[in-house]
Number of protein chains: 4
Amino acid sequence: MAKPNVISKDALIKCAKESLANNGINKFTLKSVAEVAGVTQGTIYYHFRTKEQLLLAIVQDISKNSWADISQKSNQYIISEAIASAKNRCSYDSYFHKLFSTLLVSSFNNEEMRMQLGEIVLNENNALTQNLSKFWPKSPIDGVSLETWGVLLTAIVDGLALQALLQKDFPVEKTYKEVEQLFNSLSNLLYEENQ
Amino acid sequence: MAKPNVISKDALIKCAKESLANNGINKFTLKSVAEVAGVTQGTIYYHFRTKEQLLLAIVQDISKNSWADISQKSNQYIISEAIASAKNRCSYDSYFHKLFSTLLVSSFNNEEMRMQLGEIVLNENNALTQNLSKFWPKSPIDGVSLETWGVLLTAIVDGLALQALLQKDFPVEKTYKEVEQLFNSLSNLLYEENQ
Amino acid sequence: MAKPNVISKDALIKCAKESLANNGINKFTLKSVAEVAGVTQGTIYYHFRTKEQLLLAIVQDISKNSWADISQKSNQYIISEAIASAKNRCSYDSYFHKLFSTLLVSSFNNEEMRMQLGEIVLNENNALTQNLSKFWPKSPIDGVSLETWGVLLTAIVDGLALQALLQKDFPVEKTYKEVEQLFNSLSNLLYEENQ
Amino acid sequence: MAKPNVISKDALIKCAKESLANNGINKFTLKSVAEVAGVTQGTIYYHFRTKEQLLLAIVQDISKNSWADISQKSNQYIISEAIASAKNRCSYDSYFHKLFSTLLVSSFNNEEMRMQLGEIVLNENNALTQNLSKFWPKSPIDGVSLETWGVLLTAIVDGLALQALLQKDFPVEKTYKEVEQLFNSLSNLLYEENQ
DNA sequence: CATGAATGAGACTTCATTCAT
DNA sequence: GATGAATGAAGTCTCATTCAT
């Protein structure tokens, strides 16, 4: 039978991501991926040596498409955009955070994957720190370095996402509005001090 | 009251938690739980109708032992204690956060479990807010409610834990020192304003 | 469903040996073993951790039942019996030699198995040497030790079996008659020399 | 005459033999052959209709290169040479005997192959008998025909090889020295009798 | 000629679950 | 109460084979 060129590796990864986010890690089977992709399981094995390799490819794909990588170009609204993007991903059904936590849990058994996920977060931190430094010549709070602000912002974004994942009625709008308020107030602190 | 079996339900839950945190959800099998507990699989079925019931029991157990439940009693150092306890749990091998994220991911397929986990987080938020209000008569930043401070603090704690889970060399000490610094600075803002 | 006590480990080994000798290593599947045994594949895994372990158990079983082990008790016809037994096993359809060569080939990928098979052969050699020494106070041919006679006899038995496995019309009767003749002539050499 | 392809049929057979001897029959896959040969699986199918055909080709190739075929030309040291060659092949890692036993086991499911292997052995026997007759005008032992001596010698060679395959420390040198001694003694018997 | 992509059957293995004892 | 033996469905993975290009 053997139709050639039915599917590309990237398409397979996309299908796998879908299957993973929808079914969760428990039901993330190669059969389900194959069904989503409309190919046979054997085809998956032609492209990926094992299921783990496929999971790893998903992680790499996410890394490649991560916000940190995308937002390298300078931009005066970059922080606002970052926060807006984070808010969008903050929901009970967040595809991204479901996927990410699923991968996190998988990574407990796969050191390589864990390292790659770690790097993704690290990049996120660094990107935030770098962009923050464009607004804040120095930290608005003594004793809290700009690097730590990057770390804390990332933590807040992920932590809020976690809460949203677990509470159907989590007040995303309200919370993010106040986060922005907080950010502005901190900026003001700096400004006043400068006067 | 419970008639003590050769192995008690609670002991079984404890073993299950261990197995879950150590092996991850993928290898969380009743066989492995049975091995850890030193009983046979049949015995588990004597205590729990299904595997899901066991997982749910784990969640309930965690809820019962959560920080929020424990720290009801008033205490002037309560916030410092909370932060210290969070810092302790913030590590590459954190039993608690591995367990929690594993349950989170499991809950994507189990609404009841998800709700219970959601409540745990909610209680955590509320406990923090309540304790914060003992220090802060009002929010140190206009436009950011005390409730939101509770939410944000929880988010920070969880978000930092996530980063620590993924980065072997995450600077736990440094970060938490600055978090405390931040907390003190915010308190000072309030105090100065009051002058 | 789960009927208890359907089959014993030993019965399983026996079925496995049958399946192995009949189907050859290529078609030696756990499914086929299960079918022969009238159980499900899962049952096999309850008794043996892997397919390899089952193969190993077969080897051990053969070792336990090997001629060398059985013929420990002294017996004045022991050599004749050994030859008769070897002759019986020497045929185009020899269950034993099919099984043994199959295991031999499997052992190329399994050092433990190979060692155990090696020991079986070694025991066979030693048993033969020991029994020979009851007939031959010394070797009938100068320069050929009794140990080597044991080795050579084993080699002949195995080598003839190999030929019989590959030739439908191999003259088993004739060959073994002449082997016995050879043995007697060698004994005579010793006797004459003694005169 | 054969139009040379990028890879010739013979080269493919050689690679297949290597793969077979190295990996054993279990891992003798067309993929592995293709890898050794540096071509793709499809290419193998261009040369051989099925996997079995390839195995058969291997057998034929061995037959063509067998000692019996090569040593047709008369030679007064032919027996010594045969024994020396047999000794060389007698080792724990013997490529030839690993290959041969693997094919033997495969042939249990393939009558055509089995017949061809049978013929190889038969030729070996006959060649030995023929060469023996150049040294021995008649059998040195009454009741043991020259044909049977050929059969027995082949059996010894194969049987010893089997033992060497299974025992890392099998005393090849010692054993073969004594085999030669045996051969000489038998020759002497004849000579003395003739006096 | 040769290949690369795909297939599908079937292998080994795991595991939640059942049930007679 | 507890267990050990068994089940069967489902999962991961392998491999001979096919075929359009």
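Keep in mind the model is a prediction, meaning the values are calculated, not measured. Quick note: numbers below take in every heavy atom, side chains included, and nothing from hydrogens, waters or symmetry partners. Order of the sequence lines sets the chain letters (A, B, ...), proteins ahead of strands, with each chain counted from 1.
Summarising the geometry, the separation between OH on Y46(C) and P on dC19(E) is reported as 17 Å, rounded to the nearest angstrom. dT14(E) atom P lies 15 Å from atom CZ of F48(C), rounded to whole Å. Rounded to whole Å, the distance from CD1 on I44(C) to C1' on dG8(F) is 14 Å. Rounded to an integer number of Å, the gap from NZ of K9(B) to P of dG1(F) is 12 Å. Nucleotide dA2(F) holds its P atom 10 Å from the CG atom of L12(B), rounded to whole Å.
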Side chain to side chain contact (heavy atoms under 4.5 Å, CB included) assessment of L117(B) paired with I120(B): CA-CA 5 Å; L117(B) 289 173; I120(B) 293 178; 4.2 Å; yes
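Contact check, H47(A) against dG4(E): no side-chain N or O comes under 4.0 Å of OP1 or OP2. Taking side-chain N and O atoms only, T40(C) has a distance below 4.0 Å to OP1 or OP2 of dT7(F).
The two residues I58(A) and F28(A) have their closest heavy-atom pair at CD1-CZ, 4.3 Å. When all heavy atoms are compared, the tightest approach of F48(C) to L12(C) is CE1-CD2, 3.9 Å.
Residue pairs satisfying the salt bridge (charged side-chain N to carboxylate O under 4.0 Å, His left out) criterion with at least one member in residues 21-40 of chain D, sequence neighbours excluded, are absent. Sorted by first and then second residue, the salt bridge (charged side-chain N to carboxylate O under 4.0 Å, His left out) pairs involving residues 11-26 of chain C (not counting sequence neighbours) are K17(C)-D61(C).
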With a cut-off of 3.5 Å and sequence neighbours excluded, list every side-chain donor-acceptor pair involving residues 97-104 of chain C.
residue, atom, partner, partner atom, Å
S101(C), OG, H97(C), O, 2.5
S101(C), OG, K98(C), O, 3.4
T102(C), OG1, K98(C), O, 2.7

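F96(B) is listed as a side-chain neighbour of I62(B), based on a closest heavy-atom distance under 4.5 Å.
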Under 4.0 Å protein heavy-atom contact, by nucleotide of nucleotides 11-16 of chain F - B base, S sugar-phosphate only: SBBBSB
Secondary structure of DNA chain E in dot-bracket form (Watson-Crick or G-U wobble, distances below 3.5 Å, | marking inter-strand pairs): .||||||||||||||||||||
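With sequence neighbours left out, T40(C) forms a side-chain hydrogen bond (donor to acceptor under 3.5 Å, both in side chains) with T43(C).
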